[in-house]
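Computed from a prediction, not measured in an experiment: that's the story for all the values here.
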Amino acid sequence: MRDVAFVFFLAAVLCVSVGMAWGIQMAISQDHLMSGAHAHLNLVGWTTMALFGLYYRMTPQAAGTWLARLHAGTAILGVIVMVPGIAVAITSGEPGLAAAGALLTALSMAIFLFTVLRHGLGSRPA
């Protein structure tokens, strides 16, 4: 299995690829109703996941932990739930799925905060 940094970067590239295609579709159709969901996909999916991947590549002592794998699963699931949830909230006014995804995303950030506080930034000298 690939390391957690690779998993985060793969998720980031998939999110930005979908986000770009979605943005092009909105531009062509001139229907920007879903711009909020699109923005969250790009910001949380692309930018945040890529930053997580950079952190874990720079801080290998954090990358090899079970908490890093939990972080990846929680963060990716958060985006998978939140972005469609925002679309549902926009179209139907039902915010439940978006709220669940936002809570998962917030939990993933809390895990990351704990990880950074515990492991710092960068490799520890040998």
### Query
Do the side chains of Thr47 and Asn42 get nearer than 4.5 Å, heavy atoms only?
no
### Query
Can you find a pair of side-chain heavy atoms, one from Tyr55 and one from Phe112, that are under 4.5 Å apart?
yes
#### Entry: In one Ile/Leu/Val/Met/Phe/Trp/Tyr side-chain cluster, 4.5 Å: Phe52, Val116
yes
### Query
Is there a chain of hydrophobic side chains (I, L, V, M, F, W, Y, each step under 4.5 Å between heavy atoms) that links Val79 to Leu97?
no
### Message
Is there a path of hydrophobic side-chain contacts, each under 4.5 Å between heavy atoms, that joins Leu14 and Ile86?
### Response
no
#### Entry: Close side-chain approach of Ile76 and Met49, heavy atoms under 4.5 Å
yes
#### Entry: Heavy-atom donor-acceptor pair, Gln61 side chain to Gly122 backbone, under 3.5 Å
yes
### Query
How does the hydrophobic cluster around Leu107 look, that is, which other residues are in it when side-chain heavy atoms under 4.5 Å mark a link?
Trp66, Leu67, Leu70, Ile111, Phe114
### Query
In Å and rounded to the nearest 0.5 Å, what is the CG to CD distance from Asp31 to Gln25?
7.0 Å
### Message
Taking Val88's backbone N and O only, do any of them form a donor-acceptor pair with Thr91's side chain (distance below 3.5 Å, no angle check)?
### Response
yes
### Residues forming a salt bridge (charged side-chain N to carboxylate O under 4.0 Å, His left out) with Arg57, sequence neighbours excluded
Asp3
### Task
For residues Thr59 and Leu121, determine if any side-chain heavy atom of one lies less than 4.5 Å from a side-chain heavy atom of the other.
yes
### Message
In the structure I gave you, are the side-chain heavy atoms of Ile90 and Met34 within less than 4.5 Å of one another anywhere?
### Response
yes
#### Entry: Residue pairs passing the side-chain hydrogen bond (donor to acceptor under 3.5 Å, both in side chains) test where at least one lies in residues 93-120, sequence neighbours excluded
none
### Rounded distance [0.5 Å steps], CG in Leu51 versus OH in Tyr56
12.5 Å
### Task
Flag yes if Val83 and Val44 sit in one hydrophobic cluster, no otherwise; membership is Ile, Leu, Val, Met, Phe, Trp, Tyr, and two members link when side-chain heavy atoms are under 4.5 Å apart.
yes
